[in-house]
Structures are given as C-alpha cells and as structure tokens.
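Inspection log for the structure reproduced underneath, given as structure tokens.
Note on naming: letters A, B, ... go to the chains in the order of the sequence lines (proteins, then strands), and numbering restarts at 1 for each one.
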Amino acid sequence: MRYSQILIPTLKEVPAEAEIVSHQLMLRAGFIKQLTAGIYTYLPYGLAAIRRVENIVREEMNRAGAQELLMPMVQPADLWQESGRYTKYGPELLRFKDRHERESCLGPTHEEVITDIARKEIHSYRDLPVNLYQIQTKFRDEIRPRFGLMRGREFIMKDAYSFDVSDEAAETSYRKMYVAYNRIFTRCGLEFRCVEADSGTIGGSFSHEFMVLAETGEDTIAVCNDCSWAANIEKAEVKPFETGENEEIRDMVKVETPGKRKVETVCKFLSIAPARLVKTLVYIADGEPVALLLRGDREAEEVKVKNHLGVADLRLADDTEIFEATGVPSGFLGPVGITIRVLADREVTRMVNFTVGANEKNFHLQQANFGRDFSVEEVGDFRRLTEADPCPSCGSSIRLVEGIEVGHIFKLGTNYSESMRAYYQDADGNELPLVMGCYGIGVSRVVAAAIEQNHDASGIIFPLPLAPYQAAVVNLDLKDREVSEAAEEIYTELTEAGFDAFIDDRDVRPGVKFKDADLLGFPYRITVGKRFKENGQVEIRRRKTGETEDVAIGEVIAYITRRLEDERVA
RNA sequence: CGGGGCGUAGCGCAGUCUGGUUAGCGCGCCUGCCUUGGGAGCAGGAGGUCGGAGGUUCGAAUCCUCUCGCCCCGACCA
C-alpha cells in the first residue's frame with residue numbers, strides 16, 4: 001500500500017473526546033471517525049487491523065470445525081417474543097416498525113435467529129453436532145457508550161452457536177471453543193487470561209471469559225499466584241475459612257448510638273473494629289426488599305446475590321424504601337426481629353459477640369450471636385473477594401488485576417431450544433431439545449484492547465499478527481531518483497515476497513514520516529535516504545524496541561524474512 | 001435515567017463572568033520561495049449563520065427561555 005493512495009488522516013493533537021489511550025490513538029492514527037455516540041466509521045487503516053483479527057478468528061473457528069454463515073441484522077419481534085426476550089431484554093434492544101407496521105429490532109445477538117434455523121433445518125441426531133458462526137455488526141443501544149470501540153453501540157462481533165445431542169456432547173463442543181479461543185488470543189499476540197465467569201442475562205449453566213490484561217479494563221479479575229485458577233471478581237468464590245474463634249459467648253446488650261448510622265461512625269463511637277460489626281444492607285430485588293448481612297468491613301458482590309435470588313434486577317434500597325419495608329430508619333437495621341427476607345454471608349455465621357443495629361432509631365445491639373439471638377435461613381457466599389482471601393482452588397495467595405473482556409463462552413443448555421421448540425430425534429425416535437452453547441468475540445474490541453496493551457508515547461506498537469502492514473518503506477527523498485528507485489525496489493520485492501508492505505511516498509519532510517510511522521505502529525520501518533547514496537545501506541528499525549540496523553539493499557528481504565520468522569516463534 | 005461538564009474554522013483552545021469595531025491564537029489546509037535523517041522557515045491565502053430556535057437590548061458568541069448534540073461519573077455488556 002502506498003501512503004499517497006490510502007486515506008489515513010493522522011492527527012498531531014489528541015481529540016478532546018478521547019479518554020483512554022486506545023481511543024486517542026485510534027483517532028490520532030486515523031483508524032476510526034465517530035458519526036454519533038458509540039457509532040464509528042472504520043477508516044481504511046483501522047479496517048485493515050480489524051480484518052487481521054477476523055482472519056485469525058476465521059481460521060481458528062474453521063479449524064475447530066465450525067462453519068461460517070451470515071445472519072440478518074434486522075429481526076422480527078415475533079422471534080424474540082417466542083424466546084421471551086422481547087420484554088426481558090430491555091431498552092438495549094433497539095425496536096422499530098417497518099413500513100408495514102411490523103415490530104422489528106436490530107440484532108444485539110443472534111440466539112433467536114440461529115435457533116430458528118436449527119429448528120427448521122436440524123431434525124436428526126445424524127445432523128449433530130453443528131457449530132455455526134458469523135462475523136457481523138451488532139447493535140446494542142448501550143446506556144452509555146464510551147471509550148471509542150471499547151464500548152460502542154455498533155460493534156463487530158464473532159458469534160458462534162453449537163448444537164448437540166446431549167449435555168456431555170455440548171461440553172465437548174464447549175471445550176473445543178475453549179481451546180480455539182485460547183489459540184485465537186495467543187495468535188493475536190495478546191496477554192490474556194481465561195477466567196470463570198458469571199453467565200449473565202444470556203443464561204446458561206457455566207461460562208468463561210477471556211480477558212486481555214490492561215489497566216483500563218472495565219472488569220476486575222482474581223488470579224491465583226500459584227495455581228492456574230482465575231475468575232471474574234463477580235464470580236470468584238470466597239472460600240470459607242476456619243476462624244478458630246473460641247471466644248466465650250456473652251449476653252447481648254442494647255446500647256444507645258445517637259445519630260450513628262454508618263459502619264465507620266458506629267465503630268468509632270463504640271470503639272470496636274468494623275470486623276466486629278455486622279451490617280444489614282437492604283436491596284430491592286425485582287421490586288421486593290431483601291436484607292443482606294455482611295461483616296462491617298466487607299463489600300457485597302451483587303452478582304452473587306442476584307444469582308442466588310434468581311432475579312433480573314437488583315439495587316440498593318434508598319432510605320425511604322428501607323423505612324417502608326422495615327419500619328426502621330437506615331443505619332439502625334439489624335437481623336434481630338427483622339421482618340423482611342434475610343440473606344447472610346457465610347462469614348457472618350462464624351462470628352461471635354458482634355454488633356448489629358437494634359431495629360430502633362439510635363440504638364445498636366452488642367454481643368449479638370447467631371442462633372441464640374436470631375437465625376437466618378439463607379446463608380451463602382455474597383461478598384466480594386479481596387486480595388487478602390485465599391485462592392478457592394489451592395488456598396494460596398491471589399491478586400486482583402484489571403481486564404478487558406474480549407471473549408465469552410457459554411454453555412446454554414436447552415433454554416432456547418425449549419422455548420423455541422428446536423427438537424431433534426434420537427436413534428430411538430425420541431424428540432429431544434437441542435443442547436446449545438454460544439461463543440462470542442468482540443472483534444473490534446480486540447483491536448482496541450491490543451492497542452491498550454501495546455503502545456508507547458509515540459503511538460501504537462502493533463503485535464505482528466495484527467499489524468495491517470508488517471513493514472513500511474520510508475522514502476526520504478522523492479526528488480532523488482537513486483533513493484526513490486531503491487525505495488520502490490524494496491517495496492516491490494517485499495510485496496512480491498508475500499509481505500504486506502507499505503511505502504511512504506508522500507512529499508513531506510522526514511520528521512513527518514517518522515512520526516507517522518511511529519504513530520501507525522508498523523512493526524518494521526525501512527528508511528531509504530542519503531545514507532543509501534553514501535554506502536548503499538538502508539536503516540531497518542524495529543518499532544517495539546527502537547533498535548536499528550543498517551542493511552545493504554540486497555539483504556533487506558532476507559533480513560525482514562528472518563526477523564519476522566524469529567518473532568513468530570518467539 | 002440520575003449527577004457533572006462542554007458545544008466558537010478540519011483539530012486543540014482563548015474570548016462569555018463584566019454585551020460595544022472587520023471574532024482571535026496554535027496546529028492542519030491551499031499558493032509561492034526555501035528547506036530535506038525526527039512534526040522546518042518566510043510570504044501570501046482560503047475557511048466561521050460562535051450547535052439550533054425564540055426573546056431582552058440601540059447593539060448578543062457574551063444576558064434570559066426552550067431545544068439538539070457530545071463527553072465524563074453510576075446501573076448494562078463482546
């Protein structure tokens with residue numbers, strides 16, 4: 001590709017709207033142009049990077065035995081009504097009517113459409129297993145799009161759907177995708193972790209997320225320092241540990257705590273550690289109030305609570321709602337004599353002589369004890385894991401890191417096949433629901449994540465597999481015939497040797513070319529200038545390290561070939 | 001949707017509080033000269049209904065009302 005022929009509108013200055021590095025660099029390097037909130041045009045260079053990811057994804061999906069197809073973006077509402085998601089999905093699903101007043105929507109995902117295909121075309125166990133995938137633009141009317149391609153409303157996604165005869169067979173399909181995903185992200189040259197994940201609204205029994213490690217990640221993941229365990233913090237189990245508390249149980253006493261409502265102020269007032277207090281949080285779960293007992297210094301993990309309750313919506317109650325539900329002003333709630341449904345984090349059940357709200361304004365209870373003073377039916381793991389907690393798998397220490405979710409695989413089971421009646425016949429003639437799995441990769445997000453993870457002050461440092469062009473020839477003097485011919489020759493030879501080569505043939509000053517080359521992140525830069533006239537050598541510079549080497553013009557192809565091979569192995 | 005911020009040339013901004021000449025600056029863009037191994041210099045030039053509508057005023061980018069859009073913090077997700 002010639003710079004003179006491709007539209008890459010680079011920017012010297014950082015556009016004001018961009019907050020995170022990948023967004024800034026994508027704008028500066030002319031990858032994308034925003035049309036409206038969360039919706040972007042992919043300009044030629046940005047699209048080229050996206051194609052790189054797509055090709056890797058395609059190759060690995062095909063290798064794993066999946067078949068590519070392409071489903072419609074506009075979908076009839078009936079399908080979504082059948083699966084029950086038309087009402088459940090919420091405002092993220094963009095709905096509209098066509099000219100015939102038919103209810104329609106833009107596909108945020110394609111379980112309904114694929115299940116419709118399956119029920120029409122797959123009838124026998126002989127047809128199974130099947131895994132179908134597509135790479136397509138999705139539309140989700142996000143509450144708040146942000147960070148450029150990281151969370152757009154329109155984005156490119158690879159989604160795959162597997163169909164199997166049984167749970168065990170579905171697990172085999174799942175495992176194949178698990179392997180394929182590991183290969184994909186490894187091939188992309190990304191540092192990532194596969195973690196246990198919450199399956200969220202798509203539903204299903206278990207799932208894994210693939211997280212690119214980057215400080216700007218929107219998710220927190222817990223990683224074991226010794227074993228291979230890793231999980232999304234939302235899902236990460238807090239292992240019950242032996243407290244060894246053998247403190248003598250004492251009588252409960254009621255104490256006055258005028259105006260002391262927050263854990264911190266109550267503890268200070270009573271001179272106790274927050275770990276000796278049990279706080280009572282009130283949530284509104286699908287409209288119903290629920291109390292949660294948690295040690296004073298702990299944080300609730302709402303996803304765990306949500307899953308336990310099996311509700312779609314969970315949020316903290318406000319002061320008014322708390323009073324309406326319990327008759328107690330917030331800050332003085334406690335488990336003793338409470339009237340609403342109560343959940344307790346299992347840590348709480350091991351505590352003795354702790355402090356709780358007295359369910360009476362300006363009073364708390366001290367030396368309260370589980371079993372004697374109150375009891376709770378529902379005990380579970382409801383708190384957020386901390387770095388001080390042990391690995392739930394091996395007991396060793398863990399750490400928390402930020403990650404960008406680039407892939408998510410789910411074992412769906414028969415939710416969709418049953419609600420949409422996608423059945424097959426087994427060898428004995430029984431009608432059985434197809435067992436499904438679904439597997440997503442945020443293709444456009446992968447590019448953003450790659451940049452987030454690979455950049456420096458000068459610009460992007462493309463991992464070799466994702467770079468639109470592996471090497472850029474920089475012609476420093478268009479007017480010098482000797483230099484220009486040499487540059488053109490190298491460019492032609494690289495192209496003929498099968499490389500995706502780039503040549504900066506613009507009539508601009510050297511500094512401009514160097515700055516743009518750095519910004520655009522070509523892995524290798526081959527500079528042809530006056531040094532060539534002096535001694536027939538060109539400079540080859542590696543973007544990642546900045547190391548340079550002078551190479552005779554006849555050696556360039558061999559040199560580049562060797563370097564790219566080395567990197568591929570490394 | 002709740003909370004905050006911003007809309008002035010392609011990009012980054014000043015001017016708005018305290019109304020008053022032809023609305024500025026840097027970068028980018030066009031022309032010419034010059035220059036050519038890290039975003040050069042000089043000269044000339046194009047480009048604005050100051051987001052939009054209404055109002056107040058002799059006079060509005062500036063004050064008032066309404067409206068549209070974008071960004072940031074929270075609930076959602078590849």
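Neither side chain, Y283(A) nor E288(A), offers a donor N or O lying under 3.5 Å from an acceptor on the other. E452(A) and H455(A) are not linked by any side-chain donor-acceptor pair at a separation below 3.5 angstrom, with hydrogens and angles left out of the test.
Close to G38(B), at under 4.0 Å from its OP1 or OP2, lies no side-chain N or O of R509(A). Side-chain nitrogen and oxygen atoms of S444(A) include none within less than 4.0 Å of the OP1 or OP2 phosphate oxygen of A78(B). An OP1 or OP2 oxygen of A40(B) is reached within less than 4.0 angstrom by no side-chain nitrogen or oxygen of K513(A). Regarding contacts with the backbone of G38(B), every side-chain N or O of R525(A) stays at 4.0 angstrom or more from both OP1 and OP2. Within the 4.0 Å cut-off from OP1 or OP2 of C72(B), at least one side-chain nitrogen or oxygen of R144(A) is found.
Heavy atoms of other residues, nucleotides or ligands lying less than 6.0 angstrom from NZ of K138(A) number more than 12. In the displayed structure, E264(A) atom CD is contacted under 6.0 Å by at most 12 heavy atoms of other residues, nucleotides or ligands. Applying the 6.0 Å contact sphere to CD of E17(A) captures more than 12 heavy atoms from other residues, nucleotides or ligands.
The residue among R506(A) and F210(A) whose nearest nucleotide of RNA chain B lies closer to the 5′ end is R506(A). Comparing V538(A) and F147(A) against RNA chain B, the residue whose closest nucleotide sits nearer the 5' end is V538(A).
Under 3.5 Å, the side chain of D518(A) and the base of G38(B) form at least one donor-acceptor pair of N or O atoms. With hydrogens and angles ignored, a donor-acceptor pair closer than 3.5 Å exists between the side chain of K479(A) and the base of U36(B). A donor N or O paired with an acceptor N or O is found under 3.5 Å between the base of C77(B) and the side-chain atoms of R151(A).
Across all strands shown, the partner of U31(B) is A43(B), judged by Watson-Crick or G-U wobble contacts whose two distances both fall under 3.5 Å. For G74(B), the paired nucleotide is C1(B), the pair qualifying as Watson-Crick or G-U wobble because both relevant distances are below 3.5 Å. Taking a pair to require two hydrogen-bonding distances under 3.5 Å in either a Watson-Crick or a G-U wobble arrangement, U36(B) remains unpaired. Shown here, C6(B) forms a base pair with G69(B); the pair counts as Watson-Crick or G-U wobble because both key distances fall under 3.5 Å. As the counterpart of C63(B), G55(B) is assigned, both hydrogen-bonding distances of the Watson-Crick or G-U wobble pattern falling under 3.5 Å. The nucleotide C25(B) finds its pairing partner in G12(B), both defining distances of the Watson-Crick or G-U wobble pair being shorter than 3.5 Å.
U16(B) and C63(B) have their C1' atoms separated by 10 Å, with the value rounded to a whole Å. Atom name P, nucleotides G39(B) and G24(B): the rounded distance is 31 Å, in whole Å. For G38(B) and C17(B), the C1' atoms lie 44 Å apart once the distance is rounded to whole Å. Taking the C1' atom of each, U8(B) and C50(B) are spaced 4 Å apart, rounded to whole Å. Between C11(B) and C70(B), the two C1' atoms lie 16 Å apart (nearest whole Å). Nucleotides G55(B) and U62(B) place their P atoms 14 Å apart, quoted to the nearest Å. Taking atom P on both nucleotides, G54(B) is separated from A43(B) by 43 Å, rounded to a whole Å. Rounded to whole Å, the separation between the C1' atoms of A9(B) and C29(B) comes to 11 Å.
Atom CG of N232(A) and atom C1' of C77(B) are 12 Å apart (whole Å). G37(B) atom P lies 14 Å from atom CG of D507(A), rounded to whole Å. Per the geometry, CD belonging to E17(A) stands 10 Å off C1' belonging to C11(B), to the nearest Å. In this entry the distance linking CD of E92(A) with C1' of A78(B) reads 11 Å, nearest Å. Rounding to whole angstrom units, CZ of residue R146(A) and P of C77(B) are separated by 13 Å. In this structure, Q34(A) atom CD and C72(B) atom C1' are separated by 14 Å, rounded to whole Å. Put simply, CE on M177(A) is 17 Å from P on A78(B), counting in whole angstrom units. Going from atom CD of E218(A) over to atom C1' of C77(B) covers 8 Å, rounded to whole Å.
Using the six-membered ring where Trp is involved, F185(A) and Y181(A) have ring planes that are perpendicular, over 60° apart on the 30 and 60° scheme. The aromatic rings of Y89(A) and W80(A) sit perpendicular, their planes meeting at an angle over 60°, well past the 30° parallel limit.
Checked against the 6.0 Å centroid criterion, the rings of F210(A) and H208(A) do not qualify as a close aromatic pair. Between H110(A) and Y161(A), the ring center distance fails the sub-6.0 Å criterion. Taking the six-membered ring for Trp and the full ring otherwise, F462(A) and F522(A) have centroids separated by 6.0 Å or more. Taking the six-membered ring for Trp and the full ring otherwise, the centers of F206(A) and Y174(A) sit less than 6.0 Å from each other.
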### Task
Give the C-alpha distance, both sets of side-chain angles, the deciding distance and a yes or no for salt bridge (charged side-chain N to carboxylate O under 4.0 Å, His left out) between R383(A) and E299(A).
CA-CA 6 Å; R383(A) 60 169 259 239; E299(A) 268 186 79; over 6 Å; no
Next item on the list: Apply side chain to side chain donor-acceptor pair (under 3.5 Å) to Y416(A) and R85(A), showing your working.
Entry: CA-CA 10 Å; Y416(A) 292 93; R85(A) 286 209 295 184; 2.9 Å; yes
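The side chain of T527(A) approaches G37(B) more closely than any other nucleotide in the set G12(B), G37(B), C70(B). The nucleotide whose nearest atom lies closest to any side-chain atom of E13(A) is, among C27(B), G37(B), C77(B), C27(B). With G37(B), C76(B), C70(B) as the candidates, the nucleotide lying closest to the side chain of A37(A) is C70(B).
Residues V113(A) and L79(A) form a side-chain contact, since some pair of their non-hydrogen atoms from C-beta on lies under 4.5 Å apart.
Within 4.0 Å of G407(A), counting heavy atoms only, lie sugar-phosphate atoms of the nucleic acid but no base atom. Counting any heavy atom pair closer than 4.0 Å across all strands shown, V14(A) reaches sugar-phosphate atoms only and no base atom. Nucleic acid contact for D516(A): base, since at least one base atom lies under 4.0 Å from a heavy atom of the residue. G442(A) comes within 4.0 angstrom of a base, heavy atoms only. Among the protein residues, K158(A) comes within range of no part of the nucleic acid, since none of its heavy atoms lies under 4.0 Å from any strand. The residue P15(A) sits close only to the backbone: its heavy atoms come under 4.0 Å of sugar-phosphate atoms, none of a base. Residue contacts for V406(A): at a heavy-atom cut-off of 4.0 Å it reaches the sugar-phosphate backbone alone, with no base atom in range. If you check every strand for non-hydrogen atoms under 4.0 Å, G148(A) touches nothing.
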Produce the list of close N/O pairs, under 3.5 Å, pairing protein atoms with atoms of nucleotides 28-31 of chain B; give distances to one decimal.
| from | atom 1 | to | atom 2 | distance (Å) |
| --- | --- | --- | --- | --- |
| G28(B) | OP1 | K12(A) | NZ | 3.2 |

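Within residues 18-32 of chain A, the residues that place at least one heavy atom under 4.0 Å from RNA chain B are, in residue-number order, E19(A), R28(A).
In this structure, F155(A) forms an aromatic stack with the base of A78(B), since both conditions hold: centre separation below 5.5 Å and plane angle below 30°.
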